[in-house]
**Student:** 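This is the structure, below, for whatever I ask next.
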There are 2 protein chains.
Amino acid sequence: MKPPLSRDAIVRAALDLLQREGLEGMSLRKVAAALDTGAASLYAYVDDLRALQALVLDRALAGVDTAPRGRSAWRDRLAAVLRSHFHVLVKNPGLAQLAMKAIPAGPNALRVLETLLALLEEAGVDGPTAAWAVDLMLLYVTGGAVEQSLRRDDPDPLGLLAQQIGAVTASEHPRIHAARGELVSGDGDARFEWALEVLLAGILDTPRAVRRPTRAP
Amino acid sequence: MKPPLSRDAIVRAALDLLQREGLEGMSLRKVAAALDTGAASLYAYVDDLRALQALVLDRALAGVDTAPRGRSAWRDRLAAVLRSHFHVLVKNPGLAQLAMKAIPAGPNALRVLETLLALLEEAGVDGPTAAWAVDLMLLYVTGGAVEQSLRRDDPDPLGLLAQQIGAVTASEHPRIHAARGELVSGDGDARFEWALEVLLAGILDTPRAVRRPTRAP
DNA sequence: ACCTGAACACCGTTCAAGT
DNA sequence: ACCTGAACACCGTTCAAGT
């Protein structure tokens, strides 16, 4: 009757739970219950909760498309990979937050990493710069996804931040008051595209390798 | 004998606990115990755990220096504020992760926000761009602090990510293999300074406002 | 009004005892 | 060897009962 226990079945059940109930809802006890067993039984296949979370994260990252339309320029392909990563994290609640506590180091994370390094190489970015650049880009993807998830899952229609910012008077904080519309504008995708442009422009402009001086000494 | 309960005493005790035991160690029960009372008593002063976490975060952000040496260029002052923010988050374990789950919207967060907006205005950045730019910079500060905290608090001397990356073979992922030294180089402060340069260069180069076309139509 | 002990509904993890 | 029920040491939150 009952499907046999396995690491794979456990991770699948956990991811399913995460999607439906969020990060707090993905407990060992609930995963076990979903598989018709007790929490203790999971320890035969998984070291502990942290390890399960890392497995769940990497399984979800399988959904990141690292081979978008083959013929376009490196810039478009880079943007497409990062956008795909971003959307995978935003799509199901809790995953972005999970990515912030469990450093992704599984096979799918490595696949994404390798792809990004290849694209930066194609862009002419030197090795040391590319190494730090992928870290920065992935940090933004994860952080931006967390921010967008929090905003979306907030039961408040407006959100605490928006309320606080709306309550700021011009005499207290004139610039916050003046920018209050722009600060809370919820258009997550437009922000993402703009941030991508910023990061790329900055990275291309800030190589770590010492450049040969332009003028003679 | 026992000091009277108050919101302020609760937040202070909680921050103290956070610094000594990390995010998991800061429970309502332990905060109550530190104040010689029961957890239920805290609910007279604080809505729930989330609210307490937000208060603790903002209290810690009081340590962010928004008025560094008055006479230097906007760029140096901007870097100093962000560096101060970064170090406050990194200094005590758990705070950076807390900043990722509780959107900071208290008075100290607003003070930092206003300062950053003023500095970008001084830099000649237009309003809409500045609004998104502060968000991006704060996202990096928080994300970078989380990453550095995780690395530091990892009991592993090397860390899981470093192990995984070290184990990657040249034939699997040639670029990760080639960049393995740079990818895991733990020099957090150098990375921070580089990332700051990248962000500033990118922001100055990517205004949201439509620019007047350079050439005639 | 303010405070609190006990209870409720959960957790992750361990371990002796089963098959 | 594999599995598991019960136990252990925790959680956040509620609420009736105290002063």
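Below, chains carry the letters A, B, ... as their sequence lines are ordered, and counting in each starts from 1.
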**Student:** Where the side chain of A:Asp48 is defined as all heavy atoms beyond and including C-beta, which of C:dT13, C:dT4, D:dG12 is the nearest nucleotide?
**Tutor:** C:dT13
**Student:** With both distances under 3.5 angstrom, what nucleotide forms a Watson-Crick or G-U wobble pair with C:dC2?
**Tutor:** D:dG18
**Student:** Can you name the side chain to side chain contact (heavy atoms under 4.5 Å, CB included) partners of B:Leu139, sequence neighbours left out?
**Tutor:** A:Tyr140, A:Glu147
**Student:** Under 4.0 Å: is that the gap between some side-chain N or O of A:Tyr43 and OP1 or OP2 of D:dC3?
**Tutor:** no
**Student:** Looking only at side-chain N and O atoms, does A:Ser27 come under 4.0 Å of OP1 or OP2 in C:dC11?
**Tutor:** yes
**Student:** I want to verify a distance call: between C:dT13, D:dT13, C:dC3, whose nearest atom is closest to the A:Leu49 side chain?
**Tutor:** C:dT13
**Student:** Tell me the interatomic distance from B:Asp36, atom CG, to C:dG5, atom C1', rounded to whole angstroms.
**Tutor:** 15 Å
**Student:** Please determine whether the number of non-hydrogen atoms from other residues, nucleotides or ligands lying under 6.0 Å from atom CZ of A:Arg50 exceeds 12.
**Tutor:** no
**Student:** Could you measure between the two P atoms, the one in D:dA9 and the one in C:dC10, and give it in whole Å?
**Tutor:** 22 Å
**Student:** Rounded to the Å, how far apart are B:Lys101 NZ and D:dG12 P?
**Tutor:** 11 Å
**Student:** Need the pair for C:dC8. Rule: Watson-Crick or G-U wobble, both distances under 3.5 Å, any strand; none if unpaired.
**Tutor:** D:dG12
**Student:** Would you kindly give the CG-to-C1' distance between B:Leu52 and D:dT13, to the nearest whole Å?
**Tutor:** 14 Å
**Student:** When you measure from the side-chain N and O atoms of A:Thr37 to the phosphate of D:dT4, is any distance below 4.0 Å, counting only OP1 and OP2?
**Tutor:** yes
**Student:** Check this for me: does any side-chain nitrogen of one of A:Asp8 and A:Arg59 sit under 4.0 Å from a carboxylate oxygen of the other?
**Tutor:** yes
**Student:** Under 4.0 Å from OP1 or OP2 of D:dC10: is there any side-chain N or O of B:Lys30 that close?
**Tutor:** no
**Student:** Just compare C:dA6, D:dA7, C:dC15 and give me whichever is closest to any side-chain atom of A:Ala40.
**Tutor:** C:dC15
**Student:** Establish, for the pair B:Arg208 and A:Trp194, whether the NZ or CZ atom is under 6.0 angstrom from the six-membered ring centre and no further than 45 degrees off its axis.
**Tutor:** no
**Student:** A:Leu28 has an atom CG; how far is it from atom P of D:dC11, in whole Å?
**Tutor:** 18 Å
**Student:** Over how many whole Å does the gap from A:Leu5 atom CG to D:dT4 atom C1' extend?
**Tutor:** 11 Å
**Student:** To the nearest Å, give me how far apart CZ (A:Arg29) and P (D:dC11) are.
**Tutor:** 15 Å
**Student:** With a 4.0 Å limit, can you tell me whether A:Ser41 has a side-chain N or O closer than that to the phosphate oxygens OP1/OP2 of D:dT4?
**Tutor:** yes
**Student:** What is the separation between atom CE on A:Met26 and atom C1' on C:dC10, rounded to the nearest whole Å?
**Tutor:** 16 Å
**Student:** So do B:Glu193 and B:Arg83 actually touch side chain to side chain, heavy atoms under 4.5 Å?
**Tutor:** yes
**Student:** Using whole Å, what does the distance between atom P of nucleotide C:dG12 and atom CG of A:Leu42 come to?
**Tutor:** 10 Å
**Student:** Give a yes/no answer on whether the side chain of A:Tyr45 brings an N or O atom under 4.0 Å of OP1 or OP2 in D:dC2.
**Tutor:** no
